[in-house]
There are 2 protein chains.
Amino acid sequence: MRVRLEDVARAASVSPKTVSRVLNDEANVSDATRKRVLAAMEAMDYRPHPSARSLAGNRSFLVAMLYDNNDNPASTYLAEIQDGVLEACDEHRYSMMVRPLRMRGDDFIRRLDALISDHHPDGVVLTPPITDYAPLLKRLRERNVPYASVSPMQRNGVIGVTMDEQAAARAIVEHLLALGHRRVAHVIGIADHGASRWRLAGYREAMAAAGLPEDPELVVQGAFTFSSGVAAARELFALKQRPTAVFAANDDMATGVMWAAGEYGLKVPHDLSVCGFDDTPLARQLWPALTTIQQPSREMGKIAATQLLNLLRGRGPGQLVQVPFSLQIRDSTARIP
Amino acid sequence: MRVRLEDVARAASVSPKTVSRVLNDEANVSDATRKRVLAAMEAMDYRPHPSARSLAGNRSFLVAMLYDNNDNPASTYLAEIQDGVLEACDEHRYSMMVRPLRMRGDDFIRRLDALISDHHPDGVVLTPPITDYAPLLKRLRERNVPYASVSPMQRNGVIGVTMDEQAAARAIVEHLLALGHRRVAHVIGIADHGASRWRLAGYREAMAAAGLPEDPELVVQGAFTFSSGVAAARELFALKQRPTAVFAANDDMATGVMWAAGEYGLKVPHDLSVCGFDDTPLARQLWPALTTIQQPSREMGKIAATQLLNLLRGRGPGQLVQVPFSLQIRDSTARIP
DNA sequence: CAGCAAATTGACAGCGCTGTCATCTGTGTC
DNA sequence: GACACAGATGACAGCGCTGTCAATTTGCTG
């Protein structure tokens with residue numbers, strides 16, 4: 001038979017309400033009582049019934065992680081974030097649910113509403129590119145659902161976790177420049193993603209700092225996918241004066257660039273240096289292995305969720321934490337011959 | 001203010017209990033009444049409160065998807081299954097939670113118990129290799145938690161989804177044999193995973209059918225990881241008589257084999273044909289692109305969850321559905337020179 | 001058209017917990 | 001030692017739904 005709060009109360013000779021107080025870490029319980037109750041809970045292996053708690057207390061102990069499965073088809077990046085979010089939720093004894101929320105189409109607000117009404121999450125964790133949709137953020141605020149973001153574009157007032165993507169992009173381009181490259185191309189990600197803008201900004205910053213005038217030919221649009229990387233590379237290789245290095249805004253596109261290089265008979269890194277961004281497992285497994293930017297995705301998920309949970313549990317306002325990146329230099333970039 | 005079941009009842013001029021009956025698709029409600037209630041629900045945009053439903057009805061409308069994050073670090077395979085499971089749950093208006101359950105160590109039963117006591121899932125979906133741990137299955141049965149499996153090893157009485165892995169492995173090895181290869185090596189996956197056994201069995205079956213005696217040198221142990229593929233390949237390349245083709249039990253290991261081939265100066269597919277299993281996104285992006293077996297992971301997740309949900313909703317006993325595989329012939333395999 | 005079984009509907013309690021508010025206890029003050 | 005006051009504890013109702021079982025209506029039979 002199930003052990004209920006009432007049973008614990010009887011065992012500890014206190015009222016159910018006092019057990020409830022201990023369970024919820026409330027103030028105004030004497031140390032002696034608290035200890036006694038905790039001991040009883042432990043001894044009886046008491047597990048509060050989540051539905052009862054949620055019904056009576058008008059909160060769900062549920063955090064929803066939202067992702068856009070449209071532009072993010074089952075990426076490892078998301079899986080790692082999810083893992084981190086889950087870990088944080090576990091530590092705070094919250095449950096987590098993952099929800100795809102396709103941003104394409106104009107009914108995503110309706111779908112967000114349905115999600116909230118159906119599941120009553122106490123808060124949500126937003127992952128890119130959902131972090132950047134103003135109407136969605138507005139709706140969450142209207143419905144009074146706290147949220148934390150992983151790498152938000154707008155940074156004022158948002159809590160969660162961020163990385164200095166612009167500095168990272170700048171660092172990787174500087175690496176190419178240090179190898180002697182001058183015609184360095186950039187493949188941009190999906191235009192309206194914050195990540196794309198920052199990475200482009202970092203590229204420009206590095207080029208400008210090296211005194212290289214911007215050559216529009218060298219900056220081509222991609223869409224974060226392998227095939228868009230292939231297409232972008234073909235454009236670049238068709239130029240009269242080919243680039244000697246390509247910085248793609250993510251690893252998938254960089255892989256596409258390498259693929260296209262093979263197609264054109266260009267050897268990487270001898271004829272062309274290629275680098276990416278994200279450090280997917282793929283990056284290490286390519287031949288040659290890809291120079292890229294590593295971000296601690298799992299950690300980032302955990303931090304974002306922790307900020308949200310601190311807020312939910314009334315432990316201060318929550319912050320926007322910045323995590324460091326790391327430049328992974330591998331075999332796809334080399335000194336210009 | 002929240003619309004409650006009672007409000008719907010008043011609007012439809014019936015008792016709350018009748019609304020409840022309609023909500024739960026119970027029998028013994030006249031068509032006229034049912035229609036009236038449904039109309040009222042629709043008009044008022046009624047959303048039942050999950051916690052109240054779960055508390056009163058003693059069920060959670062929750063399906064937990066279990067995975068082993070030890071041997072499966074954030075793979076796309078799992079992400080796709082998860083997506084399919086989620087879709088099925090949505091259709092049946094169940095929620096889904098994902099839970100890692102590390103099988104290493106001997107306290108996983110305790111952790112399973114905690115999971116059940118803490119969250120009360122109505123059922124669980126098991127993914128490989130969790131499908132194969134007998135003590136875990138036993139415990140689920142003891143605790144009366146129904147489960148469905150994705151690719152279970154034991155097939156008697158288990159519901160869920162399966163693929164004929166042995167036939168798939170045989171098909172891919174037959175493809176190599178048809179290209180004229182005779183010294184075909186195999187890199188085995190983690191020893192106690194069902195998948196490894198079947199793929200090995202399929203390899204043997206194809207070799208035997210071609211009248212090739214088994215050469216123990218050509219069968220080496222791997223662990224489903226990239227680096228284990230590299231290590232296995234090094235072993236194979238060190239043989240006096242090198243294989244001309246390698247069938248690795250998954251794509252990650254196949255990628256490792258290709259990587260090692262690069263290291264040894266072997267050109268794929270000219271000097272060595274390589275093929276894998278799973279058709280991860282990686283496979284298409286390698287240079288050359290990898291010949292492999294595709295399984296419809298997303299679909300498989302959906303089917304497994306659907307079988308479980310049919311069972312939970314009292315719609316028959318649930319089945320073990322077999323899905324087809326497809327051999328993806330790409331550029332990493334070629335006729336022997 | 002009485003008589004009965006089956007189908008339909010409703011009354012009511014209670015799932016396991018927490019919010020509200022009342023009560024009690026211990027400490028310090030003069 | 002009487003009094004004030006903050007801290008600790010408890011009584012009780014009720015969160016929104018469903019299970020149980022009783023009441024009512026319907027349809028059918030002879």
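Numbered from 1 within each chain, the chains take letters A, B, ... in sequence-line order. These numbers come from a predicted model, not from an experiment.
Contact annotation for B:Asn58: no contact, since no heavy-atom pair falls under 4.0 Å across all strands.
Considering only the side chain of A:Thr18, D:dG10 comes nearest among D:dT18, C:dC17, D:dG10. Here the side chain of B:Glu26 is nearest to one of D:dG19, D:dG16, D:dT9, namely D:dG19. Listed nucleotides C:dT18, D:dC15, C:dG10 differ in distance to A:Leu55; the shortest reach to its side chain belongs to D:dC15. The listed nucleotides are C:dG16, C:dT18, D:dT9; the one nearest the side chain of A:His49 is C:dG16. Closest contact between the side chain of A:Lys17 and the listed nucleotides D:dA11, C:dG10, D:dG16 involves D:dA11. The side chain of A:Ser30 has D:dT9 as its nearest neighbour among D:dC17, D:dT9, C:dA11. For B:Asn28, whose side chain is taken as the heavy atoms from C-beta onward, the closest listed nucleotide among D:dT9, D:dG16, C:dT9 is C:dT9. Taking only side-chain atoms of B:Val29, from C-beta outward, the nucleotide of C:dT9, D:dC15, D:dG19 with the closest atom is C:dT9.
One can place NZ of B:Lys35 at 14 Å from P of C:dT8, the figure rounded to the nearest angstrom. The distance between atom OH of B:Tyr46 and atom P of D:dG16, rounded to the nearest whole Å, is 10 Å. Rounded to whole angstrom, the span from the CG atom of B:Asp122 across to the P atom of D:dT18 amounts to 13 Å. With rounding to whole Å, B:Asp118 atom CG is found 12 Å from C:dC17 atom P. Note: CZ (A:Arg34) to P (D:dG7) measures 14 Å, nearest angstrom. Between the P atom of C:dC17 and the CE atom of A:Met41 lies a distance of 9 Å, rounded to the nearest Å. The separation between B:Asn24 atom CG and D:dT20 atom P is 14 Å, rounded to whole Å. Look at CD on B:Glu6: it is 14 Å from C1' on D:dT18, rounded to the nearest Å.
Scanning atom types as modelled, one donor and one acceptor separated by under 3.5 angstrom connect the side chain of B:Arg21 and the base of C:dG10.
Taking OH from B:Tyr147 and CG from B:Leu66, the interatomic distance works out to 12.5 Å, rounded to the nearest 0.5 Å.
Checked for salt-bridge contact, B:Asp90 and A:Arg99 meet the test: a charged N lies under 4.0 Å from a carboxylate O.
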*After noting the C-alpha distance and the side-chain angles of A:Ser51 and A:Ser54, does the key distance pass the side-chain hydrogen bond (donor to acceptor under 3.5 Å, both in side chains) rule?*
CA-CA 5 Å; A:Ser51 303; A:Ser54 138; over 6 Å; no
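Of the residues A:Ile303, A:Thr162, A:Thr306, the one that meets the side chain to side chain contact (heavy atoms under 4.5 Å, CB included) test with A:Val321 is A:Ile303.
Ranked by how close their nearest DNA chain C nucleotide is to the 5' end, B:Gly57 and B:Asp31 are led by B:Asp31. If B:Ala56 and B:Thr33 are placed on DNA chain C by their nearest nucleotide, the residue sitting closer to the 5' end is B:Thr33.
With A:Phe61 as the aromatic partner, A:Arg93 does not meet the cation-pi criteria of under 6.0 angstrom to the ring centre and within 45 degrees of the ring axis.
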